[in-house]
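Being a predicted model, the structure only gives us computed values, none of them experimental. Chain letters run A, B, ... following the sequence lines, proteins first and then strands; every chain starts at 1. What's counted below: heavy atoms across the whole structure, side chains too, no hydrogens, waters or symmetry copies.
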Amino acid sequence: MDSNKSFNQQCYDLLRQIPKGKVVTYADIAHQLGGKAYQAVGNAMASNPDVIVVPCHRVVNSNGAIGKYALGTDKKIALLKEEGILLNADNNKVVDLDKQRHNF
DNA sequence: GGAATGACACTAA
DNA sequence: GTTAGTGCCATTC
């Protein structure tokens, strides 16, 4: 907390860098922050105070799963589809995660 | 100050 | 390839 930006604040900052049509895994964000706070990242999104400013819907699990969303998983899937992310119509999983993943 | 929780990840069977 | 169990981090009660 004494830091300039809290951990969750840094997560939002990275999320803001994600362009439309790209997705990132919680592990990538945590790794970018210099650690493996996968769960901490997710917690930050759970506390996401600005769903408009932070595209938390562009964050998916490392295995390609959509994971969850504050407004509802189905809403997240719909948003990803609208963004242009290719998802599996059977399980709603990200297709070619490595190719659609945004490299920081 | 300590314990419990959670929008996850990884390894093993 | 799938399922189960365990570990990690930061935040919150």
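Annotation for G67(A) and N61(A): closest pair CA-OD1, 3.6 Å, computed over non-hydrogen atoms. Closest approach of Y38(A) to Y26(A), counting heavy atoms only: O-CB, 4.2 Å.
Note that CZ of F104(A) and CG of L14(A) are 5.0 Å apart. Values are rounded to the nearest 0.5 Å.
The nucleotide range of DNA chain B contacted by chain A, defined by atoms under 4.0 angstrom from heavy atoms of the protein and reported 5' to 3', is dG6(B) to dC10(B).
Ionic pairing of D28(A) and R101(A) is present here: one or more N-O contacts between side-chain nitrogen and carboxylate oxygen are shorter than 4.0 angstrom.
The backbone N or O of A44(A) sits less than 3.5 Å from a side-chain atom of Y12(A), completing a donor-acceptor pair.
Hydrophobic cluster of V95(A): the remaining members, joined at side-chain heavy-atom separations below 4.5 Å, are L86(A), listed by chain and number.
Contact annotation: the side chain of V24(A) never approaches that of Q32(A) to less than 4.5 Å [non-hydrogen atoms, C-beta and beyond]. For the pair V23(A) and L97(A), the minimum side-chain heavy-atom distance is below 4.5 Å.
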- Query: Taking it one step at a time, do K93(A) and N63(A) satisfy side-chain contact (heavy atoms from CB on, under 4.5 Å)?
  - Reply: CA-CA 9 Å; K93(A) 303 258 182 187; N63(A) 68 320; 3.9 Å; yes
For residues 72-82 of chain A, tabulate all N or O donor-acceptor pairs below 3.5 Å that involve a side-chain atom, not counting sequence neighbours.
from, atom 1, to, atom 2, distance (Å)
K76(A), NZ, V59(A), O, 2.4
K76(A), NZ, I66(A), O, 2.8
K76(A), NZ, K68(A), O, 3.2

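The hydrophobic cluster containing I18(A) also contains M45(A), counting ILVMFWY residues as joined when their side-chain heavy atoms lie under 4.5 angstrom apart, directly or transitively.
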Would you list the protein and nucleotides 3-9 of chain C atom pairs, both N or O, that sit under 3.5 Å from each other?
from, atom 1, to, atom 2, distance (Å)
dC9(C), O2, A40(A), N, 3.4

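Near-neighbour residues of DNA chain B inside residues 15-31 of chain A, defined by a heavy atom below 4.0 Å, number-ordered: Y26(A), A27(A). Near-neighbour residues of DNA chain B inside residues 58-72 of chain A, defined by a heavy atom below 4.0 Å, number-ordered: N61(A), S62(A), K68(A), Y69(A), A70(A).
No option in K22(A), Q100(A), R58(A) other than R58(A) meets the side-chain hydrogen bond (donor to acceptor under 3.5 Å, both in side chains) test with E83(A).
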